[in-house]
Structures are given as C-alpha cells and as structure tokens.
Novice: 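Take this structure, written in structure tokens, and hold onto it; I'll ask about it next.
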Amino acid sequence: MNIISLTHKRLLTAVVDWSITLICIGAFTTLILLATGAPPVSTYYHIFMGAFGSWVKFGHSVKAWIPLTLCACGLLYTFKIGLWNIGIEGQMIMGAVFATGILKWGVGSENEILFLWLSFPAGLVGGALWAVVSGFLKTKCGVNEIFAGLGLNFMAQGLILWLIFGHWKQPGIASMSGTETFPQTLWLPQAFAVNVPPTGIMLTILALCITAYILRFTRIGLNLTAIGNNATASVLFGLHPDRYMLLAMSLAGGLSGLAGCIQVVAVYHRLIPSISSGYGYLALLVVMLAGFRAGMTAIISLFFACLNVGSIQLPMVLQLDSSLSGVIQGAMVLVTLGVHAWRKRRAAS
Amino acid sequence: MKKSLGLWIGLLCLCCLTSSATALSAETPFTFGLLLVGPYNDRGYSQAHYDGGKYAEKMIPGVKMIYIDKVNPADRPGVTIPQLVDDMVEKGAKLVIANSDDMKDGIREAALLHPKIHFLHISGDDVLTRKAPKNLSNLFGKMEYGKMMAGFAAAMTSKTGKIGYLGPLINEETRRLSVSCYLGAKYAWETVLKRKPEDLKFQVTWIGFWFNIPGVTADPTQVVQNFFNTGHDVVVSGIDTTEAIVVARQKRQEGKEVWALPYDYIGACEGASEACLGIPYFNWGPGYVQRIKSSLAGNWKSEWIWLEPDWKNLNNPDTTTVGFQSGPALSPAAKQSLDGFIADIGSGKLNLFKGPLNYQDGATYLKSGEIATDQQIWYMKQLLEGMTGQSSTK
C-alpha cells in the first residue's frame, strides 16, 4: 500500500512537473510569436502538419531524427562522467570526412557496396579519434574539454573547407558548395515512398538500446556515474577517471562520427561545409532537456527533428522567417531549464 | 514517461484542432514551386527570380506560385532539395523551378523521384550532358551580352585602367561571364578609347560561393574594399548580392572617385545611384511564362534553353531575358558609345567571341577569325590571356 502510494506520488509529481513546464513553454513561445507578429495558432498548426502531415513528411522528420539521436546518445556518456563535450560538432564533421574519404576511394570500384559499408566504421573511427584528442588534452594537459572541443570544432571546420576547396574539389570547379555528388550506388538505400534509410533507423535504435543498457546495467555505467559525481572520491575506490573519460569521449565521438557518416551517405550524398547541420549543438540541448535519460532522449530528439522539418512551412505558407523555429527551440530550452531550476530550489527549501 | 508523451501529443492535437482554416486555400488550376538560393528580397539574383515568378502569376490567369527562399545548407541546415520538392508536390505543384547552380544534383534527384512533375533547372546543363530525366529542362539567359556591356561601361569610365571583378565560385558559368566582361572592357579600352592594351588591368577575385557565408567564403565587402584600396576604380559584381555597389557608395562618400556595376536585379542600384554605372540584369518573367505555358499545354520536353536578349529593346519586360540598365553615373559620352556598342552586337556586326583569343595559360581558345560556338562559350575552360586571377583552384 505504502509503495503504491509512493509510486502514485512520484507519478503525480512528474505529471505536475511536465504540465507546468508545458504550460510555461506554451505561454512563453506564444508570447514570442505574438511579439514577432506571427499568428501563434497557425504557426503551431503548420509546424505540426509540416512534420506529421503525411508519411513523406514524417519520413523527413525521421531522417533528421537519426543523426540527432546518435549525437545525443553519445553525449549521454560524456554527461554521465561530467564532461561537456562541446566538441561534438567537430567529431561529427570528422566522421563525415573519414566516411567521404572511404567513399571517394570506392567510386568506380567493382565492389562499391563494400566501400559503402566501410564508410560506417570509418565515420566511427574519425569521430572517435577527434574526441580522443579532446580527451587527451583534458586528462593529460589539463585543458578544459569545453575549450579543447571548441578549438577542435574550428579546426575540423577549417579542414573540411580546405578539402572541399582543395583536394576534394569538383573537377574544374572551385566552390564552397561541396564535393562532387557520389554515384547512386554509394547512397544508403532508402525505403520506398517514405525515403527513410532503414539501416540508419536500425543503427540508431541499436545505439540507443546499447547506451541505455551500458549506462544502466553495467559496471562501466556505474563507474561513469561514480566518477561524474565525484572524480576525487572515485580514485579512492580504485577507479581511473582518466581512462573512463577517454572511454566516454571516444564513445561519444564514435557515435557522432557515425551521425556524420549518415549525413553523407543518406542525406547529402556528398561532403558540404555545413555537413553537421548543427545537430551536435542541438543534441546538447536535447540531452539536457531529456534529463540525461536515453529513452527520453529519443523522444525529445524526435520532437526537435519534427520542429526542424516542420518549420520549413513557416516561410513557405506563412511567409515568416524560418529562423523563428530556432527562436522557438531556444525559448523551449530556456523555459524548461528555468522551470527545472525553480522546482529544484522549491524542493530544497 | 508515457504520460508526458501523451501530453506532448495532446498539446499538438489541440493546436491542430483549434487552428483556423488558414491552410485551406482555394483550388487553383496550376501551381508552380520556386526554390530560391538566397533571400527573396536580396536585391540580386534571387529577387530577380522571385519577380519573374510574380510576373508569371500576373500574366497567366489561374497560375499560382509557392516559393521558398534561402535554400542552401548554410541558411537551412539539414534541409535538402528533394525534401522541399516533396513538400511542394504535396501542395499541388506541377512544375518546380530551381534557381541555382548549387541545386543541380538535388533537383535531378527530385526529378527522378517525381516523374510526373516538370522541373526547370536554371543555369544547369543536365540536358546537354544527358543526365537529365525526361521531365527536367534547363533554362538560362545569354548574360554574356550583359556582362560585355558592363565591362564596356567599366573601361570607358575607369581612370586608372584597373577593373576589379568580384567573382562568386569558379565554374564554367562564372568563367564565361567574367571572360565576357573582360572582352567588353578590352574592346572599349583598345578599339574605342585607343589606349595601350597593357595599361588595362582586369583582376578577378573569387569569394567561393554565390554570396557571403560568414566563416566559409571570403567576405565580399572586404574583397571590394581591397579592390578600391589597391587602385581599382571600377568593380563589376559577379555575385548574387549587392556588396560591390554598397561599398562603392561608401567610398564615394569618403571622397574617392570610384564606381561599381551590380548584377542580376534591375533595382540593384537604388539608393546608390551616384556610384552606379549600370546593371546587367536578368528578367526571368518571359522565360518562366513560356515554360509554364508549355507545362500547362502538355507539350513539355526536356530541353536546354539559352534565351537571347531582345535586341530591339533591351529593357522590354515582356520580351527580354537579359537586360542592361545604364546607371546615372555613366557619363553621356560613355553612354553614347555604349549605345553604339549595343547596336553593333545586336545587329551581329560585332562579335567579341572571335579569334584570335588565348586562354590564360597561353593555349589557343579561338584561332584567328574563328567564331566561338555556343558550346565553346558555355563550357569556358579557363580565363583568357590578359586577365589576372585564378582559372581554377591550384
């Protein structure tokens, strides 16, 4: 009886918590929309219909969900151990660069499909290596991972521009638009009609399940949490925070590198300067909003992916600037964090 | 967790239910979609297309345009051409126009996915290279002529003999247009003004894309300032946006005697007329009308179309695809020479794509007396001898 009422109480708190958050988000974003002169009801309606209005549209949302969730999944490890992996954008870019390298090698070969599959591990390795650099700077040189990550993001961006304008330029062309499009044989196959790559979905779900399992049920997950809570104390228990930080970084880098690879093989079919589409930074927000839980991460990711895809309707139908969706996203994150902080303080007092 | 998911869905459904019926518009017989690479009001390339679309709406009864601007991965991360086309087709578009060279692969992919919809790619050559599916056509205007006029006006005005060309990215189209500009300038300098060929300097500087993307391309404002600070007194713009004329106006306010020629959009000089020598511009209306009518009538073919200016009246909005509007800063004498130049080209008396002409590396482009074919002009492989700047990347 006692247990049941306790569960009930927790459920009730959660419901109240979310309701307050949602009401605040709704009120705040509506205010912002009114301030910018956008009609709130039709804005919400068109974003919703833009993401769910048809299977094709929902397919596009899922396509955005894949890389976003992969990045968010990776960030779960680094957040667990108390690291701010801002460098995730650069890791995603390096994944895309490594994958492109393999694919370029495979153009015109007899076994193109082999190179297509090889691009996945290549992306994974590319992202992981870039993350390990950040990890090393943190653990061996005492450079804060935020600064190391930011620096490495700039370097990755510089590298991608150099490759696109230099080594990997299209023949006779010098354009920042991107490398030459790969032949269709090097595209990740898509499910007919909805244009979603099943491989991408499966990989993402697999990544989610494995991450949830590792963080929840294994020794590694426990140790990551222990170090995240108190790195100094964890040493007394015989743990090596440095090693675990490198592990967490390489897992995060690997998953975001995979996301970068998917951007190349399934979305753009070539390397472009903004290959990451800002999903790395967005993933940071997703994970924070999800309260660092894997299941919730998948849902919030989907929400943000839908918001991204649906907001294209704003300029097309309402002639509104679609950067408004960025404002809406920002407002939502701020309000959610604000409400969380407020509830925490109230609970503490 | 389940409950919170329910709440999210509930909220969205509520929005859905309480919404007004703004989405439902009256059924129209023919909708076409327009994908613009830049902002619809950029006073440059994209605005010229937007106005072309509006013109078509006005000229053909029952035709409705849907458009989306800033279609490029820097402005709309994660958004792809096929995705936008899917959406336009769902909204009833029967014809989709993609206005940028940058959309070449995306629009071909979309055309393959929607075989029953017609596609018009501006500036591309998929039909020539036989990569185009049956429902895809290419359309462009013979802007070489506009650029020749711009080069002519620039050389007639320049006091230093140093002309800067603000180039976008490097490809066949941009080489072709900068070469045309150079040929116009060279003709004015050597044949009309009878000055020494070696005194004309024609510098091409590329920024890396059709417009400024901070952190990715070179900053066009800085490039133009550099031109003016290094003795160039006329800058001809080859990019989608108006930086050249804006900087020229600022420099004039600082007391420098400089000029510029913007590009693409007829209204590009507004507000900076004291620095404006003229604008070679696109007038997409007639071309759009022709293609939309062909789609409507069911006689759409996969064609590569390269439309001429209307030589009888370069500025007739109903007939010309390429126009040239001379600017207030062009002197009356230069204007008179320009008019003669235009008349000579229009009548065929003068052809600037005539040999002997060499490429930048000294290889022969056209032998003495040889007149370039359309294909030789379209596929411009290098800049010409006498121009400075990169022909490609090193």
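Side-chain atoms are counted along with the backbone in the values below, which use heavy atoms only and exclude waters and symmetry mates. Per chain, numbering begins at 1; letters A, B, ... match sequence-line order.
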Novice: With a 6.0 Å cut-off (strictly less than), is the heavy-atom count around CZ of A:F28, excluding the residue itself, greater than 12?
Specialist: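 It does not: A:F28 CZ has 12 such atoms or fewer within range.
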Novice: So do the side chains of B:N171 and A:Q170 get within less than 4.5 Å of each other, counting heavy atoms only?
Specialist: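 B:N171 vs A:Q170: side chains apart.
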Novice: Once you round to the nearest 0.5 Å, how far does CD of A:Q184 lie from CZ of B:R108?
Specialist: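 Between atom CD of A:Q184 and atom CZ of B:R108 there are 9.5 Å.
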Novice: Could you state the interatomic distance from CG (B:L35) to CE (A:M316), rounded to the nearest 0.5 Å?
Specialist: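 The CE atom of A:M316 is 8.0 Å from CG of B:L35, to the nearest 0.5 Å.
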Novice: Measure across A:M176 and B:V216 and return the closest heavy-atom pair with its distance rounded to 0.1 Å.
Specialist: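 Scanning both residues completely, I find the closest heavy atoms to be CE-O, 3.5 Å.
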Novice: Less than 4.5 Å to any heavy atom of chain A: does that hold for the side chain of B:E90, its backbone, both, or neither?
Specialist: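 Only the side chain of B:E90 comes within 4.5 Å of chain A.
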Novice: Hey, could you give me the CG/CD1 distance between B:D87 and A:I312, rounded to the nearest 0.5 Å?
Specialist: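 With rounding to 0.5 Å, CG (B:D87) is 8.0 Å from CD1 (A:I312).
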Novice: So for A:Y268, is it side chain, backbone, both, or neither that comes closer than 4.5 Å to the heavy atoms of chain B?
Specialist: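 The answer is the side chain of A:Y268.
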Novice: Out of curiosity, B:I170 CD1 to A:K169 NZ, how far, rounded to the nearest 0.5 Å?
Specialist: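 NZ of A:K169 is found 8.5 Å from CD1 of B:I170.
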Novice: Would you mind listing every salt bridge (Lys or Arg N to Asp or Glu O under 4.0 Å) that reaches into residues 41-56 of chain A, with sequence neighbours excluded?
Specialist: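 Applying salt bridge (Lys or Arg N to Asp or Glu O under 4.0 Å) to every pair that reaches into residues 41-56 of chain A, excluding sequence neighbours, yields nothing.
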Novice: Checking B:K381 against chain A: side chain, backbone, both or neither under 4.5 Å from a heavy atom?
Specialist: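 Looking at B:K381, nothing touches chain A.
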Novice: Among A:H60, A:Q157, A:K63, which residue forms the greatest number of heavy-atom pairs with chain B at distances under 4.5 Å?
Specialist: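 Of A:H60, A:Q157, A:K63, A:H60 has the most heavy-atom pairs under 4.5 Å with chain B.
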Novice: Against chain A, label B:I213 side chain, backbone, both or neither, depending on which of its atoms sit under 4.5 Å from a heavy atom there.
Specialist: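 Neither part.
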Novice: Write down the atom of B:R175, the atom of A:G172, and the distance for their closest heavy-atom approach.
Specialist: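 Heavy atoms of B:R175 and A:G172 come nearest at NH1-O, 2.9 Å.
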Novice: Determine whether the side chains of B:D105 and A:H269 contain a donor N or O and an acceptor N or O closer than 3.5 Å.
Specialist: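 A:H269 and B:D105 do not have a side-chain donor-acceptor pair below 3.5 Å.
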Novice: Is it the case that over 12 heavy atoms from other parts of the model lie below 6.0 angstrom from the OH atom of B:Y40?
Specialist: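 For B:Y40, atom OH is not crowded (no more than 12 foreign heavy atoms under 6.0 Å).
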Novice: Can you tell which of B:L84, B:T217, B:I207, B:L169 has the highest number of heavy-atom pairs within less than 4.5 Å of chain A?
Specialist: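 Of B:L84, B:T217, B:I207, B:L169, B:L169 has the most heavy-atom pairs under 4.5 Å with chain A.
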Novice: To the nearest 0.5 Å, tell me how far A:T181 OG1 sits from B:E109 CD.
Specialist: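 Atom-to-atom, A:T181:OG1 and B:E109:CD are 8.5 Å apart.
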Novice: On a heavy-atom basis, which atom in B:G215 and which in A:L161 lie closest, and how many Å separate them?
Specialist: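 Heavy atoms of B:G215 and A:L161 come nearest at O-CD1, 3.4 Å.
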Novice: Quick one: are A:P315 and B:K70 in side-chain contact, heavy atoms under 4.5 Å?
Specialist: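 The answer is no, as the side chains (C-beta and beyond) never meet within the 4.5 Å cut-off.
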Novice: Shorter than 4.5 Å, heavy atoms on both sides: which option in A:P67, A:S54, A:G50 has the most such pairs with chain B?
Specialist: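 It is A:S54.
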Novice: Taking the side chain as every heavy atom from C-beta outward, state whether B:K104 and A:S177 have any pair of such atoms under 4.5 Å apart.
Specialist: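 A side-chain contact is absent here, since even the closest heavy-atom pair is not under 4.5 Å.
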Novice: With a 4.5 angstrom heavy-atom cut-off, could you sort out which part of B:E172 is near chain A: side chain, backbone, both or neither?
Specialist: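 When you check distances to chain A, no heavy atom of B:E172 falls under 4.5 Å.
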Novice: Considering only heavy atoms from C-beta outward, does the side chain of B:Y67 approach that of A:Q319 to under 4.5 Å?
Specialist: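 Yes, at least one pair of side-chain atoms sits under 4.5 Å.
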Novice: Using side-chain heavy atoms (C-beta onward) and a distance below 4.5 Å, is B:P77 in contact with A:S274?
Specialist: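 The answer is no; the side chains never approach within 4.5 Å.
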Novice: Under the rule for side-chain contact (heavy atoms from CB on, under 4.5 Å), what residues qualify as partners of B:V89, not counting sequence neighbours?
Specialist: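 Result, side-chain contact (heavy atoms from CB on, under 4.5 Å) vs B:V89: B:V85, B:H114, B:I117.
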